[in-house]
2 protein chains.
Amino acid sequence: MPRQDQQNKQIRDERRAQILQAALRVFARRGMVAAKISDIAKEAGLSHGLVYHYFKSKEEIFMTLVQKALDSSLNVIHYAHERVGTHLEKLRWMTEQIIKSIDNGDEILLFLIMIQASTSDIVSEEVKEMLTGEHAVSPVMATIPLIVEGQKVGEIKQGDPVQLAVTYYAFIQGLAINRIQWEGCPMPEANLIMNIFKKTP
Amino acid sequence: MPRQDQQNKQIRDERRAQILQAALRVFARRGMVAAKISDIAKEAGLSHGLVYHYFKSKEEIFMTLVQKALDSSLNVIHYAHERVGTHLEKLRWMTEQIIKSIDNGDEILLFLIMIQASTSDIVSEEVKEMLTGEHAVSPVMATIPLIVEGQKVGEIKQGDPVQLAVTYYAFIQGLAINRIQWEGCPMPEANLIMNIFKKTP
DNA sequence: GTCTATAACGAGATAGAC
DNA sequence: GTCTATCTCGTTATAGAC
């Protein structure tokens with residue numbers, strides 16, 4: 001690969017990342033429809049037209065971000081599975097990671113993107129497919145094995161594991177929403193959330 | 001008041017309610033910006049132009065709904081205060097009511113409106129004022145006295161009451177989101193949520 | 001009170017210059 | 001690779017007929 005091409009590739013990768021970063025901020029706070037390409041361009045510090053050089057459409061940018069958000073949430077579950085310790089400890093570690101990501105920086109915006117994508121009617125069929133399609137894997141589904149295993153060995157209280165997982169993610173998403181509504185609101189300890197899984201005497 | 005005028009007033013009240021009901025459905029699922037006046041008109045079964053006969057703008061419709069959502073959430077807290085029983089029982093009753101309203105009908109859509117209004121940048125200053133203005137009362141704030149009283153008499157675990165309230169509403173909002181994402185998802189018992197307030201031995 | 005027709009405007013997407 | 005100018009279309013909001 002000629003030297004010039006490598007430099008070009010680097011520029012292209014940079015610009016793409018730059019646009020995605022800007023789009024994340026704009027989409028998360030304004031929503032897919034209200035977000036204007038010119039908003040994204042301005043946030044990224046480049047021209048309106050250039051955005052279309054790197055992405056086919058606004059929809060494509062949004063889809064890319066939804067994919068990123070989904071990957072990110074599945075990743076932390078994956079790492080939790082691989083940790084050493086009890087199932088409850090794995091879940092606690094995962095919860096701590098999630099709270100951290102809600103608590104600082106732009107990572108929380110990925111939650112908002114996910115919530116928008118999964119509660120809104122306006123998303124394209126492709127996005128819906130990613131979230132609820134035939135071979136789509138949702139965070140809830142990916143977490144269930146961990147819960148079931150924990151129940152088998154008696155670390156986690158009995159009951160429908162699906163309901164436990166749903167409740168857990170309801171909590172997580174609610175925290176992200178709350179954090180946006182009230183920046184600097186006090187975040188609960190991971191332990192408080194873990195009470196969901198513990199036996200009540 | 002002449003007979004004719006009374007009939008007219010009734011028609012006007014009906015139409016207004018009809019439009020608001022339709023707007024609630026459309027706004028909740030598409031968002032304030034993506035929702036088209038023609039969508040609302042179609043859902044309400046009347047013409048595009050008539051909507052503007054009853055409301056000055058799309059913004060005004062949205063604002064009216066935000067106010068309704070806010071009133072509704074404060075009302076249930078108010079009733080909880082007035083009930084007989086321990087503070088924990090009041091909170092449990094309130095939680096049951098909220099879960100019921102999330103679980104069926106269009107009431108859940110009011111939660112979505114509130115969440116949209118409070119997480120989005122696109123809402124007008126007037127709406128922001130309603131939610132976070134000088135003499136605005138948020139559900140979190142309205143619930144804190146109940147928690148503080150419960151802590152005084154030892155029914156509720158110690159700790160920052162603001163944090164407890166935030167956590168509680170995070171949970172509630174998360175449940176509403178979850179319910180939209182997955183219609184028919186299993187809803188947790190009110191008791192599960194009450195664990196937030198209970199002392200952990 | 002209700003409708004249809006239309007004015008006015010803004011935003012997504014493209015073309016083509018540099 | 002980057003920008004500005006422009007095309008095009010859909011939507012809000014209004015005007016005026018019934």
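Proteins get letters first, then strands, A, B, ... in listed order; numbering begins at 1 in each.
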Is the ring pair Tyr168(B)/Phe197(B) parallel, tilted or perpendicular, if the boundaries are 30 and 60 degrees? tilted
Thr167(A) side, atom OG1; Leu175(B) side, atom CG - distance, nearest 0.5 Å: 6.5 Å
So, do Val66(B) and Leu131(B) sit near enough that their side-chain heavy atoms are less than 4.5 Å apart? yes
Pull out every residue in residues 7-34 of chain B that has a heavy atom closer than 4.0 Å to any atom of DNA chain D, ordered by number, or say none. none
Rounded to the nearest 0.5 Å, the CG atom of Leu70(A) sits from the OG atom of Ser72(A) at a distance of 9.0 Å
With a 3.5 Å distance limit and no angle check, can you tell me whether Glu60(B) reaches the backbone of Lys56(B) through a side-chain donor-acceptor pair? yes
Taking only distance into account, with no hydrogens and no angle test, what donor-acceptor pairs under 3.5 Å do side-chain atoms of residues 133-149 of chain B form with protein atoms, sequence neighbours excluded?
from      : atom 1 : to        : atom 2 : distance (Å)
Ser138(B) : OG     : Met141(B) : N      : 3.2
Thr143(B) : OG1    : Pro139(B) : O      : 2.8
Thr143(B) : OG1    : Tyr169(B) : OH     : 2.8

Indicate whether any N or O donor in one side chain lies under 3.5 Å from an N or O acceptor in the other, for Gln18(B) and Arg15(B). yes
Below 3.5 Å between N/O atoms, which protein atoms pair up with nucleotides 7-9 of chain D? Just atom names and distances, please.
none

Whole Å only: how far is the NZ atom of Lys58(A) from the P atom of dT14(C)? 14 Å
Residue pairs involving residues 31-51 of chain B (criterion side-chain hydrogen bond (donor to acceptor under 3.5 Å, both in side chains); sequence neighbours excluded): Arg25(B)-Glu43(B)
Under 4.0 Å, heavy atom to any atom of DNA chain C: which of residues 41-57 of chain A qualify? His48(A), Tyr52(A), Ser57(A)
Would you tell me whether Tyr52(A) and Ser57(A) have side-chain atoms, one donor and one acceptor, within less than 3.5 Å of each other? no
Between Lys198(B) and Lys157(B), is any pair of side-chain heavy atoms under 4.5 Å apart? no
Side chains of Leu74(B) and His78(B): closer than 4.5 Å at any heavy-atom pair? no
Any side-chain to backbone donor/acceptor pair from His81(B) onto Ile77(B)? Under 3.5 Å, distance only. yes
All N/O pairs under 3.5 Å across the protein-nucleotides 16-18 of chain D interface:
none

Distance-only, no hydrogens or angles: does the Glu155(B) side chain make a donor-acceptor pair with backbone N or O of Leu88(B) under 3.5 Å? yes
What is the separation between atom CG on Asp39(A) and atom P on dA13(C), rounded to the nearest whole Å? 14 Å
Could you tell me how far apart Glu60(A) (CD) and dT14(C) (P) are, to the nearest whole angstrom? 11 Å
Ile37(B) CD1 to dC3(C) C1': how many Å, rounded? 16 Å
